[in-house]
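For reference, the structure discussed in these notes is given below.
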Protein chains: 4
Amino acid sequence: MIRDRGDVRERIVSAAMKVFSRYGFFKAPVHLIAKEAGVSKGLVFWYFRSKQELVIEVAKRSLPLEIVDSCLESGLSGEKILECIGKGYLEKYRDPVQRNLLLHAMALETLYKEIAEEMNSLCEERIDKVAERVFGKPSIKGKVALRAFFGGLMCYTLRRPRDIDEEAFLKDLIDITVAGFRNGTAP
Amino acid sequence: MIRDRGDVRERIVSAAMKVFSRYGFFKAPVHLIAKEAGVSKGLVFWYFRSKQELVIEVAKRSLPLEIVDSCLESGLSGEKILECIGKGYLEKYRDPVQRNLLLHAMALETLYKEIAEEMNSLCEERIDKVAERVFGKPSIKGKVALRAFFGGLMCYTLRRPRDIDEEAFLKDLIDITVAGFRNGTAP
Amino acid sequence: MIRDRGDVRERIVSAAMKVFSRYGFFKAPVHLIAKEAGVSKGLVFWYFRSKQELVIEVAKRSLPLEIVDSCLESGLSGEKILECIGKGYLEKYRDPVQRNLLLHAMALETLYKEIAEEMNSLCEERIDKVAERVFGKPSIKGKVALRAFFGGLMCYTLRRPRDIDEEAFLKDLIDITVAGFRNGTAP
Amino acid sequence: MIRDRGDVRERIVSAAMKVFSRYGFFKAPVHLIAKEAGVSKGLVFWYFRSKQELVIEVAKRSLPLEIVDSCLESGLSGEKILECIGKGYLEKYRDPVQRNLLLHAMALETLYKEIAEEMNSLCEERIDKVAERVFGKPSIKGKVALRAFFGGLMCYTLRRPRDIDEEAFLKDLIDITVAGFRNGTAP
DNA sequence: CATGAATGAGCCTTCATTCAT
DNA sequence: AATGAATGAAGGCTCATTCAT
């Protein structure tokens, strides 16, 4: 069998995503992942020291950290960065596999410090950085607004409402975030 | 030990909450729950046909459905109902046990239709009802704003920011939700 | 099924002895022990936290510590105590199961400190105590003689010579031990 | 690295000795041996058809057969041959690796006929030959005395007593063996 | 109601062995 | 000769569930 280096590992990760997304991290047996990847069970443990290592790798990939980071790195600001993040987010989690994995991964935060750290970094540093980029300077209200923005995205992903399409939703959400920040009673 | 009828059942549920919150629903062995509740393992299966039944009961209780319902029933409207929900929500999930359980329960949505239905009811009907109560009449933008509100709460619960206290957060969040809805570019 | 308390545990230990003696501690699968004991595999782990725990219990029982102790406690001295130990030893290891287990258990000394401690206690304190009882007062030569005595027993057990019966062997061995001590070049 | 033919094979055997001595024959994974030898796992199976083959080779080497043989071949007799054997024995098993291997190898006797044969040859033919060389003519008592001698050596090796040095021990042991044989009640 | 011994399915993991390169 | 990816069998152990008492 001719396979690229790294190819197999990636195939295992992909298979794991499918299987984890369907059964959850803990009810998914490794042998199903191997089967889905078309390799032997033993080989999974050649590439990953343990199931937990695979779980954590998959969980990390299913968090939206990279989206936020790439938008931050692109140097955007104001509504543009919200748009960047929103689009990336909605696109990533349009895939039901990723959507489910996100839910499962968030629950892992309780159990594995690696995931907890990613969530920390996402929910505290990153979110505040974005707030500053959007509203110009750090402020409590900006942080709250950003949490509303992020939460709104998550909420939409959790249950895609039938009567609101992605584009319209994102436009409104950005609108609310920005206008809410600017025109509140306590500017 | 004098035990009321139903007392034991409740003790088991409480114990299950602690244990599930710590280990997750699937990594929590029934014997730990029994131990925590101070009863025998067998008794757990007298009150609950299976572990799954217990899991679902605990998961349902850890969702915020009751909070939303009681605020809806109280007849409040406008910002008042947001305040009602916000306070209830923040209070409930201030308890780390409940906070973790919420995360675990959300992931269950993928696996058990009972939980999926609760989430459906919460994220679609309830959220839209509240939107109507807050903004007077149904509108896409109102629904989006409400998702931002709910998402914001969830986001806050997930990581309580050190520099924003509950009361201030809620005030700002309501402010953003309402002002965002009213003063957006496309009313 | 009506079984005495403790009966089951003992049945498992007995089964383990048979199986361990035949396959060695590490090549003996737990399921064979369970089968031999007529119980389920799971039950073995109800009585023993791990296979290792069972291994150590069996290994301890197959060392001759108890024989030496009971002869020491009986207050015997001189040749009598050698006779007591010799008879006990030869009787115990006449059973091929015990004989094999002794070999396997001695090898465990390298791996488990529990066994190492038993061996220590046997080979140092006990052997020297016996030497004192036999020869009246502590002496290097007495210790050496006792080691020859013990070693001789072990050697006989390892390979029962066809042309030397137990009784004769023991008589000669005691004779050599005592006379060797008394009549050596350096008394 | 410049390697002779046969060098690699020997390196593997050496590595196996270290690893087997530490983990025991059955708990020692081949990959550790390969690592210790600085070769790939596959190569071990180029030089040895199976792990068992390697196990048996190492086990055979760690028995004291060669020592006895070389002393027999040297034509020594009387106390001299005991001295030869004793010195060789004590020297070989001064190395903790060899000492542990001896224990592990003795347990193998139960499982592999190759080892059983070696032990047979050692414990019956060889021991009796040596007895004859020491005491001039075959006799039951001589055989017993020789078993005491060998057993004493093994016993010393198993636990080196702190207060008896090798040389003194061997001198006393020979003394006891010889005097025990000559001066017993039943010559 | 209550207990806890007993069961058995299933899971993660290890490891000897093979084989294409 | 040498490598290390790949395999598959087997093992230890956990755990939900049952049931006699």
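The analysis underlying the following values was restricted to heavy atoms, covering all of them including side chains, and did not include hydrogens, waters or symmetry mates. In the text below, chain A, chain B and the rest are named by the order of the sequence lines, each starting its count at 1.
- With rounding to whole Å, B:Lys27 atom NZ is found 16 Å from F:dA16 atom C1'.
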Please report the C-alpha distance between B:Arg61 and B:Glu10 in whole Å, then the side-chain angles of each, then the deciding distance to 0.1 Å, and finally whether the salt bridge (charged side-chain N to carboxylate O under 4.0 Å, His left out) criterion is met.
CA-CA 12 Å; B:Arg61 290 200 195 187; B:Glu10 209 51 35; 2.6 Å; yes
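- Under the Watson-Crick or G-U wobble criterion, with both distances below 3.5 Å, F:dG12 is paired with E:dC11.
- In this entry the distance linking OH of A:Tyr23 with P of E:dG10 reads 13 Å, nearest Å.
- With rounding to the nearest 0.5 angstrom, the OG1 atom of B:Thr157 is 8.5 Å from the CE atom of B:Met154.
- Under the 3.5 Å distance criterion, the side-chain polar atoms of C:Lys51 are left unmatched by any main-chain donor or acceptor of C:Pro29.
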Walk me through whether C:Glu117 and C:Lys113 qualify under salt bridge (charged side-chain N to carboxylate O under 4.0 Å, His left out).
CA-CA 6 Å; C:Glu117 280 162 13; C:Lys113 66 174 192 311; 5.8 Å; no
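- Counting non-hydrogen atoms under 4.0 angstrom, D:Phe48 reaches nothing in the nucleic acid.
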Output, in order, the C-alpha distance, side-chain angles, deciding distance and verdict of side-chain hydrogen bond (donor to acceptor under 3.5 Å, both in side chains) for A:Asn100 and A:Arg22.
CA-CA 8 Å; A:Asn100 285 354; A:Arg22 175 159 180 196; over 6 Å; no
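- If you check F:dT7 for Watson-Crick or wobble pairing at under 3.5 angstrom, you find it paired to E:dA16.
- Nearest to the side chain of A:Pro29, among F:dA16, E:dT13, E:dC11, sits E:dC11.
- Look at C:His31 and you'll find a side-chain N or O under 4.0 angstrom from OP1 or OP2 of F:dG11.
- The 5' end of DNA chain E is approached more closely, in terms of each residue's nearest nucleotide, by B:Tyr47 than by the other of B:Tyr47 and D:Gly42.
- Using a 4.0 Å heavy-atom criterion, one finds that A:Ala28 contacts the sugar-phosphate atoms exclusively.
- Two residues, C:Ser50 and D:Trp46, neighbour DNA chain F, and the one matched to the more 5' nucleotide by heavy-atom proximity is D:Trp46.
- Judged by closest nucleotide on DNA chain F, A:Ser40 is the one of A:Ser40 and B:Phe25 placed further toward the 5' end.
- Between C:Phe25 and C:Phe20, the ring-plane angle classifies as tilted under the 30° and 60° cut-offs.
- Atom CD of B:Glu53 and atom P of F:dA16 are 15 Å apart (whole Å).
- Put simply, B:Lys41 has no side-chain N or O that comes within less than 4.0 Å of OP1 or OP2 on E:dG4.
- One can place NZ of B:Lys35 at 17 Å from C1' of E:dT3, the figure rounded to the nearest angstrom.
- Candidate nucleotides E:dC12, F:dG8, F:dC13 were compared by shortest atom distance to the side chain of C:Lys51, and F:dC13 ranks first.
- Under the Watson-Crick and G-U wobble criteria, each requiring two contacts below 3.5 Å, nucleotide E:dT21 is paired to F:dA2.
- Here the P atom of nucleotide F:dG4 and the CG atom of A:Asp7 are 20 Å apart, to the nearest Å.
- Here the C1' atom of nucleotide F:dG11 and the CG atom of C:Leu54 are 15 Å apart, to the nearest Å.
- Between the C1' atom of E:dA2 and the CD1 atom of B:Ile12 lies a distance of 11 Å, rounded to the nearest Å.
- Between the C1' atom of F:dG8 and the CZ atom of A:Phe45 lies a distance of 13 Å, rounded to the nearest Å.
- Heavy-atom nearest nucleotides on DNA chain E were determined for D:Gln52 and for A:Phe26, and the one closer to the 5' end corresponds to A:Phe26.
- The side chain of A:Leu43 approaches F:dT7 more closely than any other nucleotide in the set F:dT7, F:dG11, F:dT17.
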